[in-house]
2 protein chains.
Amino acid sequence: METTWQEQLRAAGLRVTRPRLSVLQVLAERPHADVDTIVTAARTVHPTLSPQAVYGVLEALVAGGLARRIEPAGAPALFELRVGDNHHHLVCRSCVAVADVDCTVGAAPCLTPSDTAGFVVDEAEVVFWGLCRACRAQTPADTVQVLQHDNRGGARG
Amino acid sequence: METTWQEQLRAAGLRVTRPRLSVLQVLAERPHADVDTIVTAARTVHPTLSPQAVYGVLEALVAGGLARRIEPAGAPALFELRVGDNHHHLVCRSCVAVADVDCTVGAAPCLTPSDTAGFVVDEAEVVFWGLCRACRAQTPADTVQVLQHDNRGGARG
DNA sequence: CGGTTTTCTTGAACGAGTCAAATCAAGACG
DNA sequence: CGTCTTGATTTGACTCGTTCAAGAAAACCG
């Protein structure tokens, strides 16, 4: 880590507080944590931390560019510190585990739609849906088919 | 439309009911409607229709492959009848208007990640975030910058 | 037309997230 | 080092989208 969290907070115009440092530490250890996970983990360091404080901290971190919020459909929001680079996410349909994917291709034709219907696009968000290794091992094969069936018609890129 | 809704419902093993036909009609007129919109619109045809019935109908339609559910981050779920083809969505950050985007490129390199971290991927979902024409016209330029700032670090494909 | 099964209605409940007022702490300044 | 000002956190209530459960209604089969 080049700069400390203190420095990053100050650079974003934010005060350095215990709740913020606790949340940053948790996010560094768990790259895609939801609010509940963050609260629970942060309380080992700061036992009186309230969920609302965590919402406030995360809002400040996202606004300050220190954290990013991702919201997989049907799951509570997740937060990550990896910011400012070009990466997407793999999400497990069964356990909502998330893994990062680097975009391996420089120019991605599909991500600059030809007809934008009058929209000015500033971000292309890609989510890869599937099953993680652990859930595949636990899950009988027919359940996998059910999961896929429920989402048939989904885009394949 | 090649086949009638009655036929499509039966083909999916679903009974043909008034609530279902009402919801299908609304979705045909409004391609990306949320539950509230569907309930309100469907009541012009079927005044006693309950919100819970609409949830049930939509769940059945999605399970039967007649409709697709899309959940833009931070907005209630939207439903569309366009199913089984390869298209993505443009979403307005300001008004959550949604437009369809056809994927104009046959092979999309970015959508087959090289390292899937043990995941078996069955769907790549792409959401383009931006501002629609109407909101750009209404919105002062600095507000646009704020919106973009709030999401800096987002992937650009 | 009657019986069986699915679907709808009605009412309650849940989880994630937000709002607002009061308290508290961080950092600036003297 | 203490005070002051502003920003952050706590506490508590609340909203919204969605889901659950039991009984009533309707669709479909024969």
Side-chain angles (χ1 to χ4, degrees), chain A residues 4-26 32-40 42-43 45-64 66-67 69-79 96 98 150, chain B residues 4-26 32-40 42-43 45-64 66-67 69-79 96 98 150:
Chain A
T4 65
W5 290 323
Q6 292 211 2
E7 290 168 341
Q8 292 189 42
L9 286 168
R10 291 228 173 80
L14 299 170
R15 289 185 178 171
V16 178
T17 67
R18 197 114 108 81
R20 285 175 180 170
L21 293 173
S22 309
V23 168
L24 285 167
Q25 182 178 341
V26 171
H32 306 100
D34 61 18
V35 171
D36 195 59
T37 301
I38 295 169
V39 171
T40 304
R43 277 182 174 161
V45 172
H46 185 172
T48 65
L49 189 64
S50 68
Q52 286 77 354
V54 172
Y55 279 106
V57 167
L58 291 168
E59 186 183 352
L61 294 181
V62 171
L66 298 197
R69 179 191 193 120
I70 58 181
E71 293 183 54
L78 306 175
F79 295 85
V96 200
V98 172
D150 279 349
Chain B
T4 65
W5 290 323
Q6 292 213 2
E7 290 167 338
Q8 292 187 42
L9 285 169
R10 292 231 171 79
L14 298 171
R15 290 184 177 173
V16 177
T17 68
R18 197 113 110 81
R20 285 174 180 171
L21 293 173
S22 310
V23 169
L24 284 166
Q25 182 179 341
V26 171
H32 306 101
D34 62 18
V35 170
D36 195 59
T37 301
I38 295 169
V39 171
T40 304
R43 277 182 174 160
V45 172
H46 185 169
T48 64
L49 189 64
S50 68
Q52 287 77 355
V54 172
Y55 278 104
V57 167
L58 290 169
E59 186 184 351
L61 294 180
V62 170
L66 298 196
R69 180 191 193 120
I70 58 181
E71 293 182 54
L78 306 174
F79 294 85
V96 200
V98 172
D150 279 349

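Numbered from 1 within each chain, the chains take letters A, B, ... in sequence-line order.
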Q. Out of C:dG27, D:dT19, D:dT10, which has the shortest distance to the side chain of A:His46?
A. D:dT10
(Q) Whole angstroms only, please: what is the CD-P distance between B:Gln52 and C:dG11? (A) 10 Å
Q) C:dA26 P sits how many Å from A:Trp5 CH2, rounded? A) 18 Å
**Q.** B:Leu9 CG - D:dA27 C1' separation (whole Å)
**A.** 12 Å
Q.
Treating A:Glu7 as the side-chain partner and A:Thr4 as the backbone partner, does any N or O pair qualify as donor plus acceptor under 3.5 Å?
A. yes
Q) Which whole-number value in Å describes the distance from B:Leu49 CG to C:dT7 P? A) 15 Å
Q.
On DNA chain D, compare the nucleotides closest to B:Arg10 and A:Arg18; which residue's is nearer the 5' end?
A. A:Arg18
Q | Of the listed nucleotides D:dC28, C:dG17, C:dC8, the one nearest the side chain of B:Val16 | A | D:dC28
Q: Rounded to the nearest angstrom, tell me the gap between atom CG in B:Leu78 and atom P in D:dG17.
A: 12 Å
Q. Between atom CG in B:Leu21 and atom P in D:dA27, what is the gap in whole Å?
A. 10 Å
Q.
Donor-acceptor pair, distance only, cut-off 3.5 Å: does the side chain of B:Thr37 make one with the backbone of B:Ala33?
A. no
Q. Between C:dG27, D:dG17, C:dC8, which nucleotide has the shortest distance from any of its atoms to the side chain of B:Pro19?
A. C:dC8
Q | Interatomic distance, A:Leu24 atom CG to A:Gln6 atom CD [nearest 0.5 angstrom] | A | 10.5 Å
Q.
Whether A:Thr17 contacts D:dT9 is assessed here as follows: a side-chain N or O lying under 4.0 Å from the phosphate OP1 or OP2. Is that the case?
A. yes
Q: Return the minimal non-hydrogen interatomic distance between A:Val35 and A:Val54, and the atom names on each side.
A: CG1-CG1, 4.1 Å
Q: Give one of base, sugar-phosphate or nothing for B:Ser50, where a contact means two heavy atoms less than 4.0 Å apart.
A: base
Q: Take atom OH of A:Tyr55 and atom P of C:dA20, then tell me their distance rounded to the nearest Å.
A: 17 Å
Q | Partner set under side-chain hydrogen bond (donor to acceptor under 3.5 Å, both in side chains) for A:Arg43, not counting sequence neighbours | A | none
(Q) Mind checking if B:Ala77 touches a base, just sugar-phosphate, or nothing, with heavy atoms under 4.0 Å? (A) sugar-phosphate
Q. Does B:Thr48 have a side-chain nitrogen or oxygen under 4.0 Å from the phosphate oxygens OP1 or OP2 of C:dC8?
A. no
Q: Whole angstrom is fine here: how far is it from CZ in B:Arg15 over to C1' in D:dA27?
A: 5 Å
Q. Which nucleotide sits closest to the side chain of B:Ala53: D:dC28, C:dT9, D:dG17?
A. C:dT9
Q: Answer yes or no: side-chain N or O of B:Arg20 and base N or O of C:dT7 forming a donor-acceptor pair under 3.5 Å.
A: no
